There are 2 protein chains.
Amino acid sequence: MDETVPQKGTVTQRAIERIKAMIAEGRLEPGQRLPTERDLAAQLGMSRSSMREAIRALTVLGVLEARHGSGIYVTQLEAGDLLETFGVVADLSRGPQLVELLEVRRVLESTATALAAARITADQLAEVEKHLAAMNATDDPEEILAHDLAFHRVIAGAAGNDTMAAILEGLSSRTFRARVWRGYEEEGAFARTRREHAAIHRALVARDPEAARAAAAAHVGEVEEWLRSQLGT
Amino acid sequence: MDETVPQKGTVTQRAIERIKAMIAEGRLEPGQRLPTERDLAAQLGMSRSSMREAIRALTVLGVLEARHGSGIYVTQLEAGDLLETFGVVADLSRGPQLVELLEVRRVLESTATALAAARITADQLAEVEKHLAAMNATDDPEEILAHDLAFHRVIAGAAGNDTMAAILEGLSSRTFRARVWRGYEEEGAFARTRREHAAIHRALVARDPEAARAAAAAHVGEVEEWLRSQLGT
DNA sequence: CAGCTGTAGTGGTCGGACCACATCGCTGAT
DNA sequence: ATCAGCGATGTGGTCCGACCACTACAGCTG
């Protein structure tokens, strides 16, 4: 009788599934250290090369973390770890897909902002105001963009849903915003952006979720509409 | 003078960035075939092993597709390709993070259902009804789950935003639903689920976005609340 | 012309070697 | 006895070369 299980897919793919399964079944806890690459390969009856490819793939997915000279560890499996790859989607999307992505962001960002209006603490609100002021105090597009991102990041964080915040972080990834930003700024959109941010801030101060939701939706919607018009060219 | 660029991170990591950049810059179009592993490795001045790890990682991310004996190709970079990995998040999330994930799903699902109410075609509506009927005609949990998933999939597809549909697909991934489903069914929740699905269907037929949004939000919210109560144990 | 076949080229797997780095125990001076 | 310094060990990172499995296509065969 042959005990060799039916080979489905590539060896590396099987290794990925096996490791994922071990984590899903709780046999590997977050933060725990895995056996060495050499041992793992031996356990699953494959070469170290194939096992390394599996580990590399899971590392990129944010499931594992390899520390040179120390070992391989399971990440904390928190939202930030696993959703980091979400940025790749934003980076590689083009044309109509960017609009769809922005539409998703509008939905999530407006919800997050509404939640934040109800839950934001005084400290967090102070941080929001810090970035708002910094944004209005300079004309350097790079700096404005940085504070713009931080502005929304603090708000998303105040919404109390780390998963949602992590997704929004990915949707607002550096290159994504930078690409849209380039042409956007040359239409005097800065002034409008500042007004919109001010409106969001007002709603947060007033602790008015509905106003916050509307302001955030309008804010993202502006960019969305602009991008949509660009595609029609 | 040394021409060797400053080595940042691992060789494999650099290869991943380089290939991603090539795609982002449009030097590699969707569907296009890449040079062979051996050539790519030579071009970037690294070993085939390291290049293979990079390719494997991008394959898992849904950016590349390797066809044994044929070559390596860029995927269509559509929502479905890139967001397939989103299922991993759902598979490996536990406890409070599952609730957060469900909260995100509630937001997106309700929006998608509202959009569907305005845009769904007769054919799509017929498909929805097919799964609704099949779902009510059996008591086999497995089959019910399958039609449940299909029910929501058709609706998400009718919303007209493939990106949103792909994310929802990941959030409703098989194992994710199966895990929640297990205990959920033993509380007579089937009857309630059927009522909720009927409500969603009614809203779609009436082409009433607001009713659809409310019905979908309530539907997901029910599961969300149940899961939240389970964690309190 | 259709079908088969052989062959070159591709990704998939393997094993081994060596390098770079982290860790920890040992050494030896204080 | 304490602790700074150092060296051995083990780990992931990289490279190489070989071979296997599969695809694609040119060329042959009927």
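A, B, ... follow the sequence lines: proteins, then strands. Residue 1 opens every chain. All values reported here derive from a predicted model rather than from experimental measurement.
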Trainee: Pairs under 3.5 angstrom only: tabulate donor-acceptor contacts from the side chains of residues 83-93 of chain A to other protein residues two or more places apart or in another chain.
Mentor:
unit_1, atom_1, unit_2, atom_2, d
A/D91, OD1, A/S173, OG, 3.2
A/D91, OD1, A/T175, OG1, 2.2
A/S93, OG, A/V89, O, 2.6

Trainee: Distance check needed: D/dT11 C1' versus A/L40 CG, whole Å only.
Mentor: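 These atoms are roughly 13 Å apart.
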
Trainee: Going by atom type alone, with no hydrogens or angles, which donor-acceptor pairs under 3.5 Å involve a side-chain atom of residues 26-33 of chain A and a protein atom two or more places apart or on another chain?
Mentor:
unit_1, atom_1, unit_2, atom_2, d
A/Q32, OE1, A/E29, N, 2.9
A/R33, NH1, A/S70, O, 3.3

Trainee: Below 3.5 Å, can you tabulate the donor-acceptor pairs from side chains in residues 127-134 of chain B to any protein atom, sequence neighbours excluded?
Mentor:
unit_1, atom_1, unit_2, atom_2, d
B/E129, OE2, B/H201, NE2, 2.9
B/H131, ND1, B/H147, ND1, 3.0

Trainee: Could you list all N or O pairs between the protein and nucleotides 3-5 of chain C that sit under 3.5 Å apart?
Mentor:
none

Trainee: Could B/R14 and B/E17 be called an ion pair, given the rule that one side-chain N must be under 4.0 Å from one carboxylate O?
Mentor: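 Salt bridge: no.
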
Trainee: Report the residues that fulfil salt bridge (Lys or Arg N to Asp or Glu O under 4.0 Å) with B/R38, sequence neighbours left out, ordered by chain and then residue number.
Mentor: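 With neighbours one apart ignored, the set is empty.
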
Trainee: Atom pairs, N/O to N/O, protein against nucleotides 10-13 of chain C, distance under 3.5 Å?
Mentor:
unit_1, atom_1, unit_2, atom_2, d
C/dG11, OP2, B/E37, N, 3.1
C/dG11, N7, B/R38, NH1, 3.2
C/dG11, N2, B/H68, NE2, 3.1
C/dG11, N3, B/H68, NE2, 3.3
C/dG12, OP2, B/R52, NH1, 2.9
C/dG12, N7, B/R48, NH2, 2.8
C/dG12, O6, B/R48, NH1, 3.1
C/dT13, OP1, A/V11, N, 2.4
C/dT13, OP2, A/T12, OG1, 3.4
C/dT13, OP2, B/R56, NH2, 3.3

Trainee: Sequence neighbours left out, cut at 3.5 Å: what donor-acceptor pairs do the side chains of residues 56-69 of chain B make with other protein atoms?
Mentor:
unit_1, atom_1, unit_2, atom_2, d
B/R56, NE, A/E53, OE1, 3.0
B/R56, NH2, A/T12, OG1, 3.4
B/R56, NH2, A/E53, OE1, 3.3
B/T59, OG1, B/I55, O, 2.7

Trainee: List for me each residue that meets salt bridge (Lys or Arg N to Asp or Glu O under 4.0 Å) alongside B/D139, sequence neighbours excluded, and say none if there are none.
Mentor: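 B/D139 satisfies salt bridge (Lys or Arg N to Asp or Glu O under 4.0 Å) with B/R194 only.
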
Trainee: List in chain and number order the residues that pass ring-ring contact (aromatic ring centres under 6.0 Å, His included) with A/H197, two or more places apart in sequence or in another chain; answer none if no residue qualifies.
Mentor: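 By the ring-ring contact (aromatic ring centres under 6.0 Å, His included) rule, A/H197 matches A/F151, A/H152, A/H219.
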
